[in-house]
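Note that the coordinates shown come from a computational prediction; the quantities given were computed from them, not determined experimentally.
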Amino acid sequence: MDNSDARLIEKITSLKNAKNAIILAHNYQLGEIQDIADFVGDSLELSQKAAGTNADVIVFCGVKFMAETAAILCPEKTVLLPDTHAGCPMADMVTVKRLREEKKRHPNATVVCYVNSTAAVKAESDVCCTSANAVRIVEKLTAAEEILFIPDQYLGNYVASKTGRNMILWPGFCPTHVRIQPQDISRLKAEHPQAKALVHPECRPEVIALADAVLSTGGMVRFARETEAEEMIIGTEMGITHRLRKENPGKRFIPASEQAVCPRMKLITLETVLWSLEQMTHQIRIPERTRLKAKTAVDKMLEVV
Ligand code: 13P
Ligand code: SF4
């Protein structure tokens with residue numbers, strides 16, 4: 001760490017203490033952000049942490065839908081997103097208008113909404129899920145129900161394959177995960193025959209078919225800790241390798257593709273975190289009617305976990 005980083009971290013820590021703030025960071029954040037965070041986790045773990053914290057201020061180091069989920073759950077807290085441009089492109093692939101049209105076409109469908117979506121879209125949905133609990137959530141729905149899964153077609157397809165349920169899939173996708181190609185996994189498996197391939201369910205089905213385990217980012221962290229395997233091919237956004245290497249110094253983690261970088265996640269830096277705490281910006285505010293409707297869908301998800 002250089003001196004200027006150390007100075008930034010000192011200022012962040014003292015402001016954080018003065019304002020009774022907590023820093024929550026997603027597993028894809030830059031290493032220096034993961035290192036200063038009070039908690040690092042996947043989308044589900046971060047929403048659970050936000051729901052349970054006593055802090056007055058949550059500095060959310062992740063993308064906007066994650067900060068919105070915290071704001072949905074904690075209306076009395078100030079939720080800060082250090083950079084307003086840190087949005088998830090997949091979340092913008094479904095709009096309220098288009099979802100309402102689709103719901104009219106399938107009036108009996110239960111809408112299962114991946115948390116990678118806006119608060120307004122969650123408010124139009126029946127139940128949320130993350131990659132960690134999507135299979136369990138869909139398994140809980142009664143077999144008679146028609147399911148409309150939004151917005152990730154690949155997570156939806158994976159859940160349908162695991163549950164045997166017939167699901168209507170929204171055509172959204174993650175621009176970062178689709179960069180991982182099946183040939184990346186095959187080549188790395190040939191080069192590292194002992195390695196286990198862990199992939200995120202946002203990957204294409206052809207990639208998922210080659211995996212030894214399909215896991216949320218939190219699931220990958222646990223798998224890496226518990227497995228006897230010493231080498232792992234990591235089929236998700238590369239930022240997670242910082243945490244995997246830090247927590248498992250004796251093991252080797254090979255990114256499935258150097259292309260798997262989420263540019264929006266990387267907008268959060270030590271500078272923007274400090275700015276955010278100094279200026280108390282950018283505050284995530286959700287209109288109360290939307291928040292209450294979205295909270296019903298998020299709460300239903302949290303009950304299942
Ligand atoms: P996780 O919930 O597995 O952390 O995934 C979030 C995400 O945005 C994946 O691209
Ligand atoms: Fe969204 Fe993909 Fe980035 Fe996750 S990795 S935040 S799904 S764009």
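Within the 3.5 Å criterion, the main-chain N or O of Ser276 finds no donor-acceptor partner in the side chain of Gln279. In terms of modelled atom types and a separation under 3.5 Å, the side chain of Arg252 and the main chain of Arg245 share no donor-acceptor contact. With hydrogens and angles disregarded, a donor-acceptor distance shorter than 3.5 Å links the side chain of Asn133 to the backbone of Thr130. Judged by distance alone, with hydrogens and angles left aside, the side-chain atoms of Lys266 form no donor-acceptor pair with the main-chain N or O of Val261 at under 3.5 Å. Judged purely by atom type and a 3.5 angstrom limit, Gln153 has no side-chain atom pairing as donor or acceptor with the backbone of Leu169.
Tested against Val221 for a side chain to side chain contact (heavy atoms under 4.5 Å, CB included), the candidates Glu226, Glu45, Glu247 yield a single pass: Glu247. A side chain to side chain donor-acceptor pair (under 3.5 Å) with Glu231 is found for one member of Gln194, Lys251, His192 and no other, namely His192.
Once rounded to the nearest 0.5 Å, the distance linking CE of Met232 with CG of Leu198 reads 6.5 Å. Rounding to the nearest 0.5 angstrom, the gap separating the CG atom in Asn248 from the CZ atom in Arg243 is 9.5 Å. Considering NE2 of His177 and CD of Glu237, their distance stands at 7.5 Å, rounded to 0.5 Å. The line from CD1 of Ile180 to OG1 of Thr236 is 6.0 Å long, rounded to the nearest 0.5 Å. Leu80 contributes atom CG, which lies 11.0 Å from atom CG of Leu24 (distance to the nearest 0.5 angstrom). A distance of 5.5 Å separates CZ of Phe39 from NZ of Lys49, quoted to the nearest 0.5 Å.
Under the 3.5 Å distance criterion, with hydrogens and angles disregarded, a donor-acceptor pair is assigned to the side chains of Tyr114 and Glu202.
The shortest heavy-atom contact between Glu124 and Arg100 is OE2-NH2, 2.8 Å. Nearest heavy atoms, Thr69 versus Ser47: CG2-CB, 3.8 Å.
Annotation: side chain of Ile168 is not in contact with side chain of Phe149 (no heavy-atom distance under 4.5 Å).
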What donor-acceptor contacts under 3.5 angstrom involve side-chain atoms of residues 84-96, with partners at least two apart or in another chain?
from: His85; atom 1: ND1; to: Asp83; atom 2: OD1; distance (Å): 3.3
from: Thr95; atom 1: OG1; to: Arg98; atom 2: N; distance (Å): 3.2

Enumerate donor-acceptor pairs with a distance under 3.5 Å from any side-chain N or O in residues 210-217 to protein atoms, sequence neighbours excluded.
from: Asp212; atom 1: OD2; to: Ala197; atom 2: N; distance (Å): 2.7
from: Ser216; atom 1: OG; to: Asp42; atom 2: OD2; distance (Å): 3.0
from: Ser216; atom 1: OG; to: Gly218; atom 2: N; distance (Å): 3.4
from: Ser216; atom 1: OG; to: Gly219; atom 2: N; distance (Å): 3.0
from: Thr217; atom 1: OG1; to: Asn27; atom 2: ND2; distance (Å): 2.8

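The ring-ring contact (aromatic ring centres under 6.0 Å, His included) search around Tyr28 returns His26, not counting sequence neighbours.
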